[in-house]
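Okay, structure first, notes after.
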2 protein chains.
Amino acid sequence: MNATTRSPQPPLTRSVEDYLKSVFHLTSQGGFATTSDIAEMLSVAPPSVSGMMKRLSETGLIEHVPYRGVQLTPQGRRAALQMIRRHRILESYLTSKLGYDWGDVHVEAEQLEHAVSEKLIGRMADALGEPRYDPHGAPIPTAAGEIEEAELVRLAETKVGSSVVLQEVGDENTERLHYLAEQGLTPGVHLAVIDRQPFNGPTIVRLGDGTTRVVGQELALLLLCRPVDGE
Amino acid sequence: MNATTRSPQPPLTRSVEDYLKSVFHLTSQGGFATTSDIAEMLSVAPPSVSGMMKRLSETGLIEHVPYRGVQLTPQGRRAALQMIRRHRILESYLTSKLGYDWGDVHVEAEQLEHAVSEKLIGRMADALGEPRYDPHGAPIPTAAGEIEEAELVRLAETKVGSSVVLQEVGDENTERLHYLAEQGLTPGVHLAVIDRQPFNGPTIVRLGDGTTRVVGQELALLLLCRPVDGE
DNA sequence: ACAGGCTGTTAGGCTAGCCTAAGTCTCAAA
DNA sequence: TTTGAGACTTAGGCTAGCCTAACAGCCTGT
Ligand SMILES: [Mn+2]
Ligand SMILES: [Mn+2]
Ligand SMILES: [Mn+2]
Ligand SMILES: [Mn+2]
């Protein structure tokens, strides 16, 4: 019986929950999450992160290699995925059932995710028909803690001439989401990549209705797409 | 420009919000809320209350008369009513829209009330048609901070032979609420008070369907009724 | 009028989480 | 191989919110 298996864990605090989510997101492509990346993502000073990492590794939620970074333990990953499920179910529910704009749900969910019970998340998921994606196209982990891992490519890195489906967009920036919605660049839309300007220039795409959009590189890096076969 | 009008208040913490609600409930019949009553209601030690009362009176949310008790200032009352509105709208929403049992909503709302935005409460209230009472019959303050103050009488103190309508029941105890629901003792039900046993004995009532219920004094003190005219 | 019991407050201490300032480590460039 | 910039940690300090132990005020019964 060591520390990681010692019986009933006290409930995680709001802060701890947010740290775990950050580490999950920062390590989703593999590797370590660094102190400064976590600090920036959570808007805290780096020493605050060092301190929290120390505590979290003592409770067995992360693995900390000093001066290298951190990774989630299986236990930490479970907790992170539960939070992400909560967040995305909440976003979906607010959008579908309470008329929220997809640009506004993130901020609200960021608070609510720490206050809702598993039961409530279950009821919401049920009312929605167990959605698989949130309003921004991000996959929703199952109650069992499984999450779909798709191989997506940024629009900025697609081959000119190829066809893709816009799958997922970042949900943190309200104005960006409003702009994307205006442009018709929402998850599920079919895009033909017709050109890309050199020197980190914009990508030009054609939508299903024949209209085109000029998507700057900064934005095009944040639009995750699924390539369409046979093109 | 004094302390109470000094510009943008920092948002209230979870603890502060719960203390304000307690003071509101404990002073709803007038008078002061005492340190020990607050301590018991919030399950904290009396010195914790003393400390918090000091801080809250410094920020102008309560008036503290040492060794006497506390009362809400207008500002504290506004904040308390806002929390009570949130709590009761949440209870109503969970019950009406997500299939929650009326015995379970209180615990969930107690957490959520600190995490929901005014906007979300507004959407929920809207989806419900601006309800005036929560599932336990308690009046819901308006967004403007008005609350209905009805003159209710405990069932235990009604006149034998009189007729009443059950208006409101306490929402804190899950088992009690389950029992009341089983007995058909829910807000809105019409009761004829047909007898009361002496020595703090039970009250016997007849429901609309002709069946009778024997309600022990402890319970009968918690059932708030509105007398029906002309009886 | 006052003693004792109860209630309330003060004193002092703890943890979680944050901060800034001051080291320490790493790694790449010279 | 050395060295310095930048990243990271350690040291020390702060607030909120809780606790227990000790002290103070209040009031009721005598
Ligand atoms: Mn959050
Ligand atoms: Mn999202
Ligand atoms: Mn609460
Ligand atoms: Mn209620």
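Every chain is numbered from 1, with letters handed out A, B, ... down the list of sequences. The shown structure was predicted, so the numbers you read here are calculated from the model rather than taken from an experiment.
- Looking at residues 107-115 of chain B, you'll see that no heavy atom sits under 4.0 Å from any atom of DNA chain C.
- For the pair A/E63 (side chain) and A/V70 (backbone), a donor-acceptor distance under 3.5 Å is absent.
- Of the N and O atoms on the side chains of A/D134 and A/H87, not one donor lies less than 3.5 Å from an acceptor on the other residue.
- The 12-atom threshold is not exceeded at CD of B/E40, counting heavy atoms of other residues, nucleotides or ligands nearer than 6.0 Å.
- Although no hydrogens or angles enter the test, the distance criterion places no donor-acceptor pair under 3.5 Å between the side chain of A/S96 and the main chain of A/Y93.
- A straight line from NZ of B/K54 to P of C/dT10 spans 7 Å, rounded to a whole angstrom.
- Figure legend: B/R88 and B/Y133 shown without cation-pi pairing, the cationic atom not lying both under 6.0 angstrom from the six-membered ring centre and within 45 degrees of its axis.
- A salt bridge links B/E113 with B/K21: the closest approach of a Lys/Arg side-chain nitrogen to an acidic carboxylate oxygen falls below 4.0 angstrom.
- Mapping A/P66 and A/V16 onto DNA chain C by nearest heavy atom places A/V16 at the nucleotide closer to the 5' end.
- A/T34 and A/R68 share no side-chain donor-acceptor pair at under 3.5 Å.
- If you walk DNA chain D from 5' to 3' and mark each nucleotide with an atom closer than 4.0 Å to a heavy atom of chain B, the marks span D/dA16 to D/dC27.
- In the region residues 27-43 of chain B, proximity to DNA chain C at under 4.0 angstrom, judged on heavy atoms, holds for B/T34, B/T35, B/S36.
- When the shell of 6.0 Å around NZ of A/K54 is examined, it contains 12 or fewer heavy atoms from other residues, nucleotides or ligands.
- Remark: the B/H106 side chain and the B/N173 side chain contain no N/O donor-acceptor pair separated by less than 3.5 Å.
- Side-chain atoms of B/E168 and B/H136 include no donor-acceptor pair closer than 3.5 Å.
- Counting any heavy atom pair closer than 4.0 Å across all strands shown, A/S15 reaches sugar-phosphate atoms only and no base atom.
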